[in-house]
Number of protein chains: 2
Amino acid sequence: MNTATTVLVDSSNITQLLRDNDITPTQQRVEIAQLILARHQHFSADELLNQLGHCNVSKATVYNTLGLFVEKGLVRPVIIDPNKVFYDSNIHEHHHFYNVDTGILTDIPCDKLALDYFPPLPEGTQAEGVDIIIRIRNRV
Amino acid sequence: MNTATTVLVDSSNITQLLRDNDITPTQQRVEIAQLILARHQHFSADELLNQLGHCNVSKATVYNTLGLFVEKGLVRPVIIDPNKVFYDSNIHEHHHFYNVDTGILTDIPCDKLALDYFPPLPEGTQAEGVDIIIRIRNRV
DNA sequence: GTCAGTGCAAACCCTTTGCAGAAAG
DNA sequence: CTTTCTGCAAAGGGTTTGCACTGAC
């Protein structure tokens, strides 16, 4: 098995990926990128910090790095819950289910989901992106 | 001019409205309801607190009351920005533009906006609602 | 009179900041 | 060597909590 995903976690490739995105590949950034780009996933800064647990990566660096990765387009912020920003390592256009009972965020397994009509934008503005969140709850 | 809106801000009607929603109409709750139900608007807890400025309504009561109103369906939380929950006094199904430059949230002036396809939900769940946020930025 | 609601201030939690030391090129 | 990055600890800002007082009914 030699998928794009397994190639991605190779550390020299990560280094190159970071360089390609104008990111100086420091030890901490490679470590973080390796973790979050290994597969498409949702995570908060706090969860990432815990995953890095034993490593020598500080809280400030985690926040700095996530901010940098968002700016460079390596991850995408998804904000659904007050006081909780999820980061999404899947940066392709896609949307989410948010389970209000469990707080779990999942991708909508349909890349064709779209609006039936794109409304006129306010004067002097341009579209930046669309976030569609379907809130679901456990059936009782 | 004697619209539903002006009727709504009448304090005895507000009292009845609260009772109809199983909310004990205390002085502070009436005051808050009067402010936020006067017209459809977006606001944060902090903004509401400022609007109540001179009145005798404490921070804790503002948060308690907003939480209660959400629970009872009088307002709807809209979460777009980390560390900022907007409350929307328009509880009808509708969606939002979010200007990433200004942080201003506006309703999409089209009540027909909908998905072109409703995806199958995860096993054992039911739909709770859909939030569509079109992020816009000022044209340069 | 009873129970729910309120105010105040302190606690909380996540995020950001400031600055000295360390690492990248 | 210079510039950028990191770690630490402290500050910041919005939200929640604990508890005594007040108000609704």
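Protein chains get the first letters and strands the later ones, always in sequence-line order, with residue 1 at the start of each. Owing to the predicted nature of the structure, the values given are computational and were not obtained by experimental measurement.
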I'd like to check the side chain to side chain donor-acceptor pair (under 3.5 Å) partners of [X]; sequence neighbours left out, ordered by chain and number.
X: A/N138; result: A/N99
X: B/E128; result: A/R137
X: A/T61; result: A/S58
X: A/D22; result: none

ask   = Is there a donor-acceptor contact under 3.5 Å from the side chain of B/Q27 to the main chain of B/N56?
value = no
inquiry  = Could you check whether any side-chain N or O of A/T15 sits under 3.5 Å from a backbone N or O of A/P25, counting only pairs where one atom can act as donor and the other as acceptor?
reply    = no
ask   = For A/D107, which of A/H95, A/H40, A/H42 qualifies under side-chain hydrogen bond (donor to acceptor under 3.5 Å, both in side chains)?
value =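 With A/D107 as partner, A/H95, A/H40, A/H42 yield a single side-chain hydrogen bond (donor to acceptor under 3.5 Å, both in side chains), made by A/H42.
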task = Please answer: with hydrophobic residues joined when any side-chain heavy atoms are less than 4.5 Å apart, are A/Y63 and A/V57 in the same cluster?
result =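 A/Y63 does not cluster with A/V57.
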task = For B/I23, enumerate each residue passing the side chain to side chain contact (heavy atoms under 4.5 Å, CB included) test, keeping only those at least two apart in sequence or located in another chain.
result = B/L18, B/N21, B/R29, B/L68, B/F69, B/K72, B/L74
key: End-to-end axis angle, where each axis spans five pairs of the helix from C/dG1-D/dC25 to C/dG25-D/dC1, to 10°   =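 Angle reported: 30°, given to the nearest ten degrees.
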inquiry  = Please encode protein proximity along nucleotides 19-25 of chain C as a string of B, S and -, counting only heavy-atom distances under 4.0 Å.
reply    = -----SS
ask   = Which pairs, with at least one residue in residues 62-71 of chain A and sequence neighbours excluded, count as a salt bridge (Lys or Arg N to Asp or Glu O under 4.0 Å)?
value =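 For residues 62-71 of chain A, and leaving out neighbouring residues, there are no salt bridge (Lys or Arg N to Asp or Glu O under 4.0 Å) pairs at all.
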ask   = Less than 4.5 Å apart, any side-chain heavy atom of A/L66 and any of A/V85?
value = no
ask   = Of all nucleotides in DNA chain D with an atom under 4.0 Å from a non-hydrogen atom of chain B, which is the first and which the last going 5' to 3'?
value =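 The contacted stretch runs from D/dG14 to D/dC25.
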Would you mind reading off the distance between [X] atom [atom1] and [N] atom [atom2], rounded to a whole angstrom?
X: B/L49; N: C/dG7; atom1: CG; atom2: C1'; value: 12 Å
X: B/N56; N: C/dC8; atom1: CG; atom2: C1'; value: 14 Å
X: A/D46; N: C/dC12; atom1: CG; atom2: P; value: 17 Å
X: A/E47; N: C/dC14; atom1: CD; atom2: P; value: 11 Å

ask   = Hey, can you pull the residues of residues 57-68 of chain B with a non-hydrogen atom under 4.0 angstrom from DNA chain D?
value = B/K59, B/A60, B/Y63
message = I'd like to check the salt bridge (Lys or Arg N to Asp or Glu O under 4.0 Å) partners of A/R76; sequence neighbours left out, ordered by chain and number.
response = A/D131
inquiry  = Checking one residue: A/L105. Which other hydrophobic residues are in its cluster under the side-chain 4.5 Å linking rule?
reply    = A/V78, A/I80, A/F86, A/Y98, A/V100, A/I133
